[in-house]
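Naming: A, B, ... by sequence-line order, numbering from 1 per chain.
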Amino acid sequence: MMLKSKMPVRLNAAEETLIAQLRDAGDGAQAERLNVTGLPTRRVESYHYTDLKMLLKAVPPLVEAANSASAPALRVAGAYQLLIANGVPHPGTTAPAGVIVGTSDGAALSAHDDVLVRLNSALAKKSLSLTLEGSVDPIIQIDRRTEGAAAHSASSARIFVADNGSATILETYSGSSEAHVTNNASYIAVGRNATVTHITVDLSGDGVTHFATNEYVLAEGAKLRTLAIHAGSALARTQIFARFAGEGAHGDFGGLNLVGDGQHLDFTLDVNHGVPNTTSQEMFKQVGRGRSKGVFQGKIVVARDAQKTDAKMMMQGLMLSDQAEILSKPELEIYADDVVCGHGSTCGELDADSMFYLMSRGISKPEAETMLVRGFLEEVLDPIEDDELNEALTAVIDDWLVGAKQR
Amino acid sequence: MYFYAAPKSTPAPTSLDEVDPELLAMYDKLGIPLKEREILAGVERPNVAVDAVMDSVSVVTTFREELAKVGIIFCSISEAIREHAELVQKYLGSVVPVTDNYYATLNSAVFTDGSFVYIPKGVRCPMELSTYFRINEKKTGQFERTLIIAEDDSYVSYLEGCTAPMRDESQLHAAVVELVALENAEIKYSTVQNWYPGDKDGKGGIYNFVTKRGDCRGDNSKISWTQVETGSAITWKYPSCILRGDNSRGEFYSIAISNGYQQVDSGTKMIHLGKNTSSRIIAKGIAAGFSDNTYRGQVSAHAKAKGARNFTQCDSLLIGDKCGAHTVPYIESRNATAVFEHEATTSKISDDQMFYCQQRGLDGEAAVALIVNGFVRDVLQHLPMEFMVESQKLIAISLEGSVG
């Protein structure tokens, strides 16, 4: 049936810049593809609430190597720090026991039918490459920053956690306060019976467009905990692609969307239970202030043979202003029958009874509000066992609450 | 393909014996009471007002005089266009605009008939109004149009049933239903859809692409959709409520059963525009055989929809390991005081439940029918009595051959 005729896409300035940059990077095929399709609009299902064609007004020139880098945006005592500055990985010199650091040519992500993945794969020249063996004690911090004048940068990291290993990886994104467009990628393979915690925190400046794609592959018996925090940028989108490749694996996926005035922050999650006997839990929280947009799209896919899958997804949204929007699309796509899957999604404002309870005890209105919001948000941090890390992340929330990041 | 085919004009049958046996077999399968069957076949005067639409042409509308006494207009839309032009002009296309979507446009261009209901101010419709849709001709599409207007302080309950005989070719059903509820009015719209779903290899069957939308235009108005979807090869159907009036309320209760190679993609849209509007969605999907069953729904609160409230529950049941159940809700809150809750679960009939039933002497199929009927009970109880009994039977028939 003929529904639509193929109309040529009218390209905007951002798309034209991207096409030119892809050509310069020697990827004519991707340039041609973008030339035909353009950036995704809301008609592309996975970009339903984040219309890139509309939101991405301009793309700055491709990044040049950084001359100097300032201190990391988030400090965690005792962490082993690695730097990716302006897309270039700087492997440290003295790696702790069990950590092998290097770089590899090309990008890290597997092929996905997604424009951000394709752009990263075409533009990231080198990946930071990490192999973690045994029980790695210090927190591995990958500090990604974009320094200097406004630039479009692509960075990539590839992390292998060996069988039976354990590690905690923290990634932070920051840089100079220019209107950068950053496209970050992490590929993490969790080995058999390995335990991994992976945390990403976006602390980019007000004008930044931040994209991140975190890809996870879980082998047999692997245990993965992830937490993504959006606490910066004007426009941010973190894509989480998780694939269960071995039986008995478990994943906990968490996210915190701290959306202030003028921001549009998006979490898009695709958890693929491809094999039997795997479990996952997703817990995302959003809080919106001012005129803002918080987006959560979460999809759980259970393949035909993936019997005994147990997956539970939850999204909770809290709106603190009349102009805040919270948009949520939790999806289930299930092809196996012997499964227990569910999702929940709620949103609303602060509970009037709780406010009354606190205020009747002499706590001022703003203070009571802050207390309740903090309680709502910090629940997501509870499973983070490392005290130093937990404290650093709590500070991120508190900063946002007291207004250091408030806009 | 013909856009529509008028039924051949044969003299009205005087008894059931003169009616097409295929037609009767279909009613029989549906469990329609004998009396109602006679009515449908045009034999005798009914006690439920019925408008039968076959191949897009309204063939019989009954009980009109009794309804006219209280000022209710219930007739085919072609008649309404002739006799009540001012009402049709005012409301037709005001809920589903001509350009709404591909199939609505197609319907608007080619629709030939359908049902028209007008409930005047302050009138509570004394009986259930009902329409039967049927596609008889080969290679035709059915494009009927339904328009229901409930004036201030009125109430109407409307039932709709759909059937079609078996055909090898696929046929298209692209209907448009528009409901308008003014101040304090309530419309209850129930559907039992049992179009031919295609044979066991997925050959033939109806493509059921229907646009149904209700507009709660007045304050304190209410529109309630209840549907039992068992037929059709492919269903795309999203009965929606636009909650425009303050304190208006929308409800959606759905049972969607898919077996064989059926594909059901159904759900609702609750668009909260007015203050203190509330909506409730209960959707139960049951997938068996090689079918795919999707709930796709949208709940949105406009910036001005202060105090909007929604509760959504979607449960899916999988029978067999070759089918799929999917849930795709869109939850869009643009007002801080809006409170939305959504939950969805997917599971299968547990072995314990089956064992319990079978141990008490039920065979596999009866046990599944019993458990499924329990699973959908929340929705069934919102159906009018006549439909409830039919629906329970229909559920059992639809799941025939799914166990084993």
> What option among B/Gly324, B/Ala287, B/Cys314 has the most heavy-atom pairs under 4.5 Å with chain A?
Replying inline: B/Gly324
>> Shorter than 4.5 Å, heavy atoms on both sides: which option in B/Leu318, B/Thr345, B/Asp292 has the most such pairs with chain A?
In response: B/Leu318
With a 4.5 angstrom heavy-atom cut-off, which part of [X] approaches chain B: side chain, backbone, both or neither?
X	value
A/Gln307	side chain
A/Gln286	neither
A/Phe296	neither
A/Ser345	both

Kindly say whether the aromatic ring centers of [X] and [Y] come within a distance under 6.0 Å.
X	Y	value
B/Phe311	B/His342	no
B/Phe340	B/His272	yes
A/Tyr49	A/His264	no
A/His48	B/Tyr330	yes

>> Is B/Ala338 in contact with chain A via its backbone, its side chain, both, or neither, using a 4.5 Å heavy-atom distance?
In response: backbone
> Is it the backbone or the side chain of B/Asn310 that comes under 4.5 Å from a heavy atom of chain A, or both, or neither?
Replying inline: neither
